[in-house]
Amino acid sequence: MNPGYAGRSELPDNLKALFRSVAMMVPDYALISEITLYSFGYLQARELARKLVATYRLCSEQLSSQNHYDYGVSLPPPDYEVMEKHVRFNCEKLNLQPTPVFLEKIYQLYEMILVRHGLMLVGYSYGAKTECYRVLAAALTDMKAANENEQITKCYIVNPKSIYIGQLYGQFDPISHEWTDGVLAKQFRIAAVEQTPDRKWIIFDGPVDAVRNNFKQCLRIV
């Protein structure tokens with residue numbers, strides 16, 4: 001699995017296709033520490049961050065490497081107690097069972113939304129993918145109503161299999177030489193015109209099709 005080492009060989013192409021490439025990088029501890037210190041009100045955060053990183057680097061090099069020592073950046077586990085209350089309420093309203101797996105998928109979806117402009121929910125049919133985002137959207141809207149640091153969530157749902165490709169993305173008329181916007185572009189425009197802090201989700205709810213649903217290109221330009 002490490003072809004750069006002596007005695008290792010490259011994986012065959014048919015086996016590579018089964019794996020997803022992963023990019024890894026070393027976190028910038030100085031920048032993370034600086035931002036954290038600034039968020040707590042420190043005025044000399046940059047200088048303090050530099051000293052903290054140097055101190056912890058020295059500790060990691062000189063002191064014991066036992067498990068109870070931690071010289072890296074530790075992130076506290078997220079607290080979803082408030083969200084879980086609203087999620088369970090909406091599950092009951094939609095006659096759904098809030099199983100631990102279903103709740104976990106909702107929290108994972110929420111975490112991805114916080115760090116990504118676009119994403120895909122992939123799984124088997126009847127795997128509760130649609131209900132997952134519906135419950136999350138309703139829970140976030142209820143949290144806004146309760147003044148719990150969230151926003152109203154609006155869903156603009158499109159079934160990409162119900163229309164032709166040109167109707168979905170837009171098409172060029174070879175006779176009139178005019179461009180006609182598709183349903184997706186119009187939904188983007190409707191969401192962009194609204195001058196509100198509400199969350200606006202444009203959702204393709206349907207089967208994944210490599211020809212019709214060109215998801216990757218759409219997610220890049222979101």
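Since we're looking at a predicted model, the values are computed, not measured.
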- Task: Could you please spell out the steps behind the salt bridge (charged side-chain N to carboxylate O under 4.0 Å, His left out) verdict for E84 and R88?
- Result: CA-CA 6 Å; E84 182 177 349; R88 289 184 178 276; 2.9 Å; yes
- More than 12 heavy atoms of other residues, nucleotides or ligands under 6.0 Å from CG of L114: is that the case? yes
- Using a distance-only test with no angle check, is there a side-chain donor-acceptor pair under 3.5 angstrom linking Y80 and E111? yes
- Message: If we ignore hydrogens and angles and just use 3.5 Å, is the side chain of S162 paired with the main-chain N or O of N159 as donor and acceptor?
- Response: yes
- Query: Considering all heavy atoms of both residues, which atom of I32 and which atom of P27 are nearest to each other, and what is their separation?
  - Reply: CD1-CB, 4.1 Å
- Message: Nearest 0.5 angstrom please: I165 CD1 to L168 CG, how far?
- Response: 8.0 Å
- Item | Close side-chain approach of R199 and I152, heavy atoms under 4.5 Å | no
- Start with the C-alpha distance between L94 and V135, add both sets of side-chain angles, then the distance that settles side chain to side chain contact (heavy atoms under 4.5 Å, CB included), and finish with yes or no. CA-CA 8 Å; L94 296 172; V135 171; 3.8 Å; yes
- Which distance, rounded to the nearest 0.5 Å, do you find between the CD of Q44 and the NZ of K51? 9.5 Å
- Exceeds 12 heavy-atom contacts within 6.0 angstrom, atom CD of E81: no
- Task: Answer yes when K144 and E150 have at least one side-chain N-carboxylate O distance shorter than 4.0 Å, and no when they do not.
- Result: no
- Message: Looking only at side-chain N and O atoms, does D205 offer a donor or acceptor that is under 3.5 Å from a partner on Y133?
- Response: yes
- Message: Under a 4.0 Å threshold between the charged nitrogen and the carboxylate oxygen, would E131 count as salt-bridged to K105?
- Response: no
- Minimal non-hydrogen separation, P207 against K161, with atom names: CD-CG, 3.8 Å
- With side chains defined as the heavy atoms from C-beta onward, is the minimum distance between D142 and N90 less than 4.5 Å? yes
- Atom CZ of R134 and atom CD1 of I203: how far apart are they, to the nearest 0.5 Å? 9.0 Å
- Note on the structure: For Y38 and Y42 the tightest heavy-atom approach is CD2-O, 3.3 Å
- Message: Does this structure show an ion pair linking K154 with D198, if we count only N-O contacts that are shorter than 4.0 Å?
- Response: yes
- Message: Strictly distance-based, threshold 3.5 Å: is any side-chain N or O of K129 a donor or acceptor partner for the main-chain N or O of Y124?
- Response: yes
- Please check if V101 and L136 belong to a single hydrophobic cluster, counting links between Ile, Leu, Val, Met, Phe, Trp and Tyr side chain heavy atoms closer than 4.5 Å. no
- Are I190 and F188 in one and the same hydrophobic cluster, where Ile, Leu, Val, Met, Phe, Trp and Tyr link if side-chain heavy atoms are under 4.5 Å apart? yes
- Task: Specify the closest pair of heavy atoms between P98 and L103, including all atoms of both residues, with the distance to one decimal.
- Result: O-CD1, 3.8 Å
- Should W201 and Y110 be counted in the same cluster of Ile, Leu, Val, Met, Phe, Trp and Tyr side chains packed under 4.5 Å apart? yes
- In terms of heavy-atom contacts, S33 and V53 come closest through OG-CG2, 4.2 Å
- Query: In terms of hydrophobic clustering (I, L, V, M, F, W, Y; side-chain heavy atoms under 4.5 Å; direct or indirect links), are I35 and F40 co-clustered?
  - Reply: no
- Task: Tell me, with the steps shown, if K85 and E148 meet side chain to side chain contact (heavy atoms under 4.5 Å, CB included).
- Result: CA-CA 12 Å; K85 176 183 65 175; E148 291 173 341; 3.7 Å; yes
- Message: Can you tell whether the side chains of E34 and R50 come within less than 4.0 Å, N to carboxylate O?
- Response: no
- Task: Go through the steps for L184 and F204 under the test side chain to side chain contact (heavy atoms under 4.5 Å, CB included), then give the verdict.
- Result: CA-CA 9 Å; L184 179 61; F204 279 9; 3.5 Å; yes
- Is any side-chain heavy atom of M83 closer than 4.5 Å to a side-chain heavy atom of L140? yes
- Message: Tell me whether M112 shares a hydrophobic cluster with Y107, the cluster being built from Ile, Leu, Val, Met, Phe, Trp, Tyr side chains joined at under 4.5 Å.
- Response: yes
- Item | Carboxylate-amine/guanidinium contact R57 E61, below 4.0 Å | no
- Query: Do M143 and N149 come within less than 4.5 Å of each other through their side chains, counting heavy atoms only?
  - Reply: no
- Message: Has Q62 got a side-chain atom pairing as donor or acceptor with C59's backbone, closer than 3.5 angstrom?
- Response: no
- Item | K186 side, atom NZ; T180 side, atom OG1 - distance, nearest 0.5 Å | 8.0 Å
- Would L109 and L121 count as a side chain to side chain contact (heavy atoms under 4.5 Å, CB included) if you check the C-alpha gap in whole Å, the side-chain angles of each, and the deciding distance to 0.1 Å? CA-CA 8 Å; L109 175 59; L121 287 176; 4.0 Å; yes
- Task: May I ask you to test the F102-T99 pair for a side-chain heavy-atom distance under 4.5 Å?
- Result: yes
- Message: Tell me the closest heavy-atom pair linking T153 and T141, and the distance in Å.
- Response: N-OG1, 3.1 Å
